[in-house]
Structures are given as C-alpha cells and as structure tokens.
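To start, the structure itself, in structure tokens.
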Amino acid sequence: MEKEKFFIDDSYIKELLTVKASDEEIEKILDKAERFEGLNHKEVAALINAEDKHFERIFKIAGKIKEHIYGDRIVLFAPLYISDYCVNRCKYCGFKCDNKFNRKKLTMDEIRSEVKILEAMGHKRLALEAGEDPVNCPIDYVLECIKTIYDMKLGNGEIRRVNVNIAATTVENYRKLKEIGIGTYILFQETYNKDTYEFYHEAGPKRDYYYHTTAFDRAMEGGIDDVGGGVLFGLYDYKYEILGLMLHNEHLEEKFGVGFHTISVPRICSAEGVDKSFPYAVSDEDFKKLVALIRIAVPFTGMIISTRETMEMRKDLIKTGISQISGGSSVEVGGYTKREKGGSQFILNDSRNADDIIYWLMEEGLVPSFCTACYRKGRTGDRFMSLAKSGNIKNVCLPNALLTLKEYSLDYGNERFSAKANELIESKIPLIQNEKVREKVKENLVRLEKGERDLFF
Ligand code: SF4
Ligand code: SF4
C-alpha cells in the first residue's frame, strides 16, 4: 500500500478534531444514530467535542442500540496465553523483551491441561494469545496449538471457537489460520498516532507502524472474514484514536465490503516494569463516553472489554455498548494450571472466577451466553453483517444464549445456579419474537435436559 494514500492521515485527523458542530447539526447526527444507521467518521468527529448536555442523548441512544440489536445477552470468552516469548519492546507491556523472567511456551500436553480447566469452567470460546517470536513461537506451533484445542474434549466440554490474537503476519500465514478454522483474527492497533506508536514500540518487528496497521488487509486477502480491532486507550488522545478506528473501519468496508467484526476497548493499566505515568490515561467518565460513541457509530460491531475493568465499570459499560466480556481469566502462560510468579502481562482489576461472573450477570437480568453459532453456521464477514443489519440477529442471539446457558447449568451448575438459570431462562423465553423460534427453543431445552448438546440456530 502506498504510504501517501494511507487510510490514516495524521493531519486530516487533527483537522477533524477541531470541528465544532452546532447544536442543530449534532441533533441531526443523533437522529441518524437513533435510526441504527451508524455514523461516518465526519459525523463522529462532530460528536467527539460535543458538550456534556449532548452526551445525555448519546448514552440513551447507545443503550437503545445495545438493547435493540444485542438484547440481554452477553457473550463470554476466556483468553488462553500459549507463549510469552516476545522479541518486541512495547513500553506498556510486562512481556516486553527486556523484562527478565522465566519465559514459557506451552507444550501440547500443557495446552490440553489448560483447555481441560477452561472446559470444566464451561467455556466454549477462547481467545488465543501469544507474544511475537518467530523462533520460539512460529506459525506452525500456533497452528498445532489451535488443532490441539479443538481436539480436546472433556465430557460435554469442548472449545467451539478459537479467536486468535497474534502479531501482524503475512498473507500466507493468515491463509493457514483460516484453513485451520479460527474464528476472529484480533489485533490491537494500540495507537493510531504514528509518532506515539513509534515512541511506545521501541524495538522489534512490531515497531513498523505501516506493517502493523495494514495487517487486516493481509488477513482479509488471506481469506479471514472476521477481524477484530482495538486500541489501547491511554497511549494517546482517545478522541484521535476513535477517529483512527472509524477511518480504519471505513477503509476495510470500502476495500473488502466488511469492517470490524469486533472492537476491543482495553484501557492502560499498570504492568510490572512499566512506567506508570501515562499523560493520556482515560478517566472513567471519558471511557464511558468513548464506548457510547463507538456503539452508536458502528452499531453492528461487537464490543469487548477485558478483565482489566472493575465490576462497577463493566456494569455501566454493558448498558451502553459492551456485548462480550472475558470471565475467570488468567493472563499468564500456563496460568490456569499454575499461576507462575513474575510473568503476568497485566494486573487485573476483576479477579472473580467465571462462576461468579456468570451468576452476577444473571442477577443483573443479563443472559450469559456461550454461543458460537454464527461462525459454525458460516455467518461470517458480510454474511454476518447483512443478518445483523437486517435486525434479525437478535432472533438467533437470544435463543442461542438461552440454550447455551441451559447447557452450562446442566453440566457445571450447582442447585443454586440451576435454579437461578432456569428462572432467568423462563423469564426471557417470551421475549423471543418469532413464535416458531420460541417453540423450537422450548423443545430444545427439553432435548438438552435429556442429554443432547450443542443445539443452536
Ligand atoms: Fe510483545 Fe505484545 Fe507485549 Fe508488545 S504487547 S511486548 S508484542 S506481548
Ligand atoms: Fe454471536 Fe452469532 Fe451467537 Fe449472536 S448468534 S451470540 S452474533 S455467535
């Protein structure tokens, strides 16, 4: 890709950040958002500097979108760190190459032992994570790990979707990932501002801003339909980053017909050996604003927060945008089996285990979902987006959430849990609008009780 035609133009973004829209213009943009039409980057720019009085309406619309498109379900996943070898020096990360600790990559037996634990926790969807190291963690090793994960079945437990978060790579390697059956390919941009990017990425292949920022182009050329972007909020001005995300999304839509499948919104937090002063650290208030803005701008893109946020924050963000969270997570290599001292990538704020999180979600009236149906039904890329945009996605999300929760409660829930889950399921069945689907869900709930598994729409 020619650098001068690059989709991230620093001076253009800075110019957009000076936009001052009138109240009337803002209201017009918000009317559009309220019709679930999404917003282009110029419209987002007009909202970014809006006064607080407008944010009241922005939060309301974000909540409405969340409810209308995603309903009450929250998809759960768990990260699985397979290797912490890394040749990069990212200033904010505990895995950076100059941090000295016993680095580790999992053997296939160790992968099986980690996956066994994750399956016993009820997880069906993993995000595979690895540092970048072509010698210690080459693509063939990653592929072998994915195969081992898919092959590992424990009782009724199985991992049905492996999303992959590995360093930017070549079209050939992306093709291999596609062939082995990954779900979403996730790569955080970290920051869209090139100077800041180079400041934080001091050494290693990740330092190449253009190679990193064009990774999704290569992933899509390699046949991967679903890509998940993200920014590490706090490295640079969050307003700039939102516009970066929007421009990146539009670029992918224009070139490949489909933008981000998901956007992750991690926020900078302390990690060992990391300078704790981040001038652009995002306050709780701004964080809520940015989640709401992204939600109304790309209503059909899933939004993910990690274990780093506190319970209170998760609760607020789920209302205005977040559709996926991790549960019972470990961010150490081999961490589910044995939490090793000294190698943690980040310090977590929410250390409750998966059971607690699932129960907490139910108490909030939300339906914890272990659904992996779309990917397995071939509803990926633009096929997924057209279903989402037609508004019909809700007709499969809620039913699948109820069925996977039932499965979870039958296989892993105690009496208290099952009682709560059954009560929640009963209360949500009437919300399924399509009568045929509603009847099918009731039928499938009985089939699950009789021992069948993996029933989905
Ligand atoms: Fe390595 Fe990723 Fe950490 Fe950078 S962020 S040091 S690439 S593990
Ligand atoms: Fe996600 Fe599709 Fe399942 Fe809905 S039906 S939760 S979009 S996999």
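Numbering of ligands and ligand atoms starts at 1, following listing order.
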TODO: Determine whether the aromatic ring centres of H251 and F6 lie less than 6.0 Å apart.
DONE: no
Task: F384 and H261 aromatic ring geometry - parallel, tilted or perpendicular at 30°/60° bounds - done: perpendicular
Open item on the list: Suppose the cut-off is 2.8 Å; which protein N/O/S atoms would you list for atom 3 (Fe) of ligand 2?
Closed with: C371 SG
- [ ] Check the angle between the aromatic planes of F417 and Y408 and answer parallel, tilted or perpendicular using the 30° and 60° thresholds.
- [x] tilted
Open item on the list: Taking K153 first and then E158, would you say they form a salt bridge - that is, a charged N and a carboxylate O separated by under 4.0 Å?
Closed with: yes
Open item on the list: Which of the numbered atoms in ligand 1 are under 4.0 angstrom from any heavy atom belonging to C86?
Closed with: 1 (Fe), 6 (S), 7 (S), 8 (S)
Task: NZ or CZ of K394 within 45° of Y70 ring axis and under 6.0 Å - done: no
TODO: Using a strict 4.0 Å threshold on nitrogen-to-oxygen distance, state whether R112 and D151 make a salt bridge.
DONE: no
- [ ] Find out whether the Lys NZ or Arg CZ of R125 is both under 6.0 angstrom from the six-membered ring centre of F370 and within 45° of the ring's axis.
- [x] no
Task: Subset of ligand 2 atoms that lie under 4.0 Å from at least one heavy atom of F384 - done: 7 (S)
Task: F36-H68 aromatic ring centre distance below 6.0 Å - done: yes
TODO: Report the member of K96, K206, H212 with the shortest heavy-atom distance to atom 6 (S) of ligand 1.
DONE: K96
- [ ] Any atoms of ligand 2 less than 4.0 Å from a non-hydrogen atom of R125? List them with their elements.
- [x] 8 (S)
- [ ] For atom 3 (Fe) of ligand 1, decide whether C90 has an N, O or S atom at a distance under 2.8 Å.
- [x] no
